[in-house]
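When a ligand or atom number is given, it counts from 1 through the structure's own listing order. Just so it is clear, the model here is predicted, and its values are computed rather than measured.
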Amino acid sequence: MQERLKELQQEALEAIQKATDLKALNEIRVSYLGKKGPITEVLKGMGKLSAEERPKMGALANEVRDIISANIEEKQQGLEAAAVEAQLASETIDVTLPGRPIQTGNHHPLTRIVEEIEDLFIGMGYTVAEGPEVEQDYYNFEALNLPKSHPARDAQDSFYITDEVLLRTQTSPVQARTMEKHDGKGPVKIICPGKVYRRDSDDATHSHQFMQIEGLVVAENIRMSDLKGTLELFAKKLFGEDREIRLRPSFFPFTEPSVEVDVSCFKCGGHGCNICKQTGWIEVLGSGMVHPNVLEMSGFDSKKYSGFAFGMGVERIAMLKYGIDDIRHFYTNDVRFLKQFQVKE
Ligand code: DAH
């Protein structure tokens, strides 16, 4: 029995020695010192011993237990200390390492163009106006001198929701809405950026949804020269100080006279290149003097008041300014495209 106890002690100490984690150590504790362990098993044979030997064996069994227990305790402390040590080592922070770059977003190129143009006109005393994208036929067409049968409606293939409601095809209805609110009293000086919709097939230069910026000034004694001066300033600010503008006669139902406005090519300076298609000029917007019918329909006295208006496509301006060759880039949200417009601050 004595030998068996010593053997068990030896076995247990070897197992403790080999244990590499607390779980293994606990298993050793349970198996050697537990109620169903081998030491208890050995002690069950005590009954066969003489009265003299019994206390000796009892004392030895206790001693073996104590030794095993003390070894487990010691090993446990060692393992715990090692675990803390390992955790500390894994959590050390090397403060000299360079930081991980933080991904930041940036403004969409269209937002940048809109904000740039807004800033420019706000600087000239304009306010920014907005209108609904789901618009009444009345504001989108009729109040702009395009009655129901007007052939020019065909030029803007529309998404109708009901006979009288459609997705606006232009930002011009905000002109009529704003004038109505002014109750026949000038001055009105607004620009309105916003989304517009047309039943176009998408390709490199067409999109069924795009953005426009509309401008409207109504006051006493507004003349064509005011329009020209304003647009000249706009062209220089947006495309460069050396730019010139050119007005070509055109037609819009809501302006009379109407003009198409070209800017001298910012790439070749007017000599002719691929951007201006060898003409030296780039068309950027439509414009004109507000038609008296439009003023009257929205409650302004056309004998007292006059005005000018203009409208431009934001994508077109952005494409020209940044050299983008496909309008669909603006709407497919490819970050490789969008990241190119990151402003380094
Ligand atoms: N609304 C016109 C369009 O979508 C653009 C336009 C032309 C707006 C002349 C105007 C303007 O305000 O005066 O084609």
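Atoms of ligand 1 lying under 4.0 Å from any heavy atom of Gln175, numbered from 1 in the order shown and given with element: 12 (O). Listed by number with element, the atoms of ligand 1 under 4.0 Å from a non-hydrogen atom of Phe252 are 7 (C), 9 (C). Of all atoms in ligand 1, listed by their number and element, those nearer than 4.0 Å to a heavy atom of Gln170 are 1 (N), 2 (C), 3 (C), 4 (O). Distances below 4.0 Å separate heavy atoms of Thr255 from the following atoms of ligand 1: 13 (O).
None of Leu13, Ile67, Leu33 except one satisfies the side chain to side chain contact (heavy atoms under 4.5 Å, CB included) rule with Ile72; the exception is Leu33. Checking Val134, Asp137, Leu166 one by one against Ile161, the side chain to side chain contact (heavy atoms under 4.5 Å, CB included) holds for a single residue, Val134. Checking each of Cys276, Cys265, Ser264 against Trp281 for a side chain to side chain contact (heavy atoms under 4.5 Å, CB included) leaves exactly one that passes, namely Ser264.
Here the two rings, on Phe121 and Phe310, have centers that are under 6.0 Å apart. For Phe239 and Phe266, the distance between ring centers is under 6.0 angstrom.
The single protein non-hydrogen atom nearest to atom 12 (O) of ligand 1 is Glu214 OE2, 2.6 Å, given as residue, atom name and distance.
With a 4.0 Å cut-off on non-hydrogen atoms, Ser172 touches ligand 1 through its side chain and not its backbone. Residue-level proximity to ligand 1 for Phe310 is carried by the backbone, the only part with a heavy atom below 4.0 angstrom. The residue His291 has no part lying near ligand 1, judged by heavy-atom distances below 4.0 Å. Counting heavy atoms under 4.0 Å from ligand 1, residue Met312 does not touch it at all.
Under the 30°/60° scheme for interplanar angles, the aromatic rings of Phe251 and His150 are found to lie parallel.
Compare Ala309, Gly215, Pro173 by their heavy atoms: the one nearest to atom 13 (O) of ligand 1 is in Ala309.
Between the CG atom in Leu22 and the CD atom in Gln76 there is a gap of 6.0 Å [rounded to 0.5 Å].
At under 3.5 Å, a nitrogen or oxygen of Gln212, whether backbone or side chain, sits near a nitrogen or oxygen of ligand 1.
Counting only heavy atoms from C-beta outward, the side chains of His182 and Thr178 approach each other to under 4.5 Å.
Under a 4.0 angstrom heavy-atom cut-off, Phe254 registers as being in contact with ligand 1.
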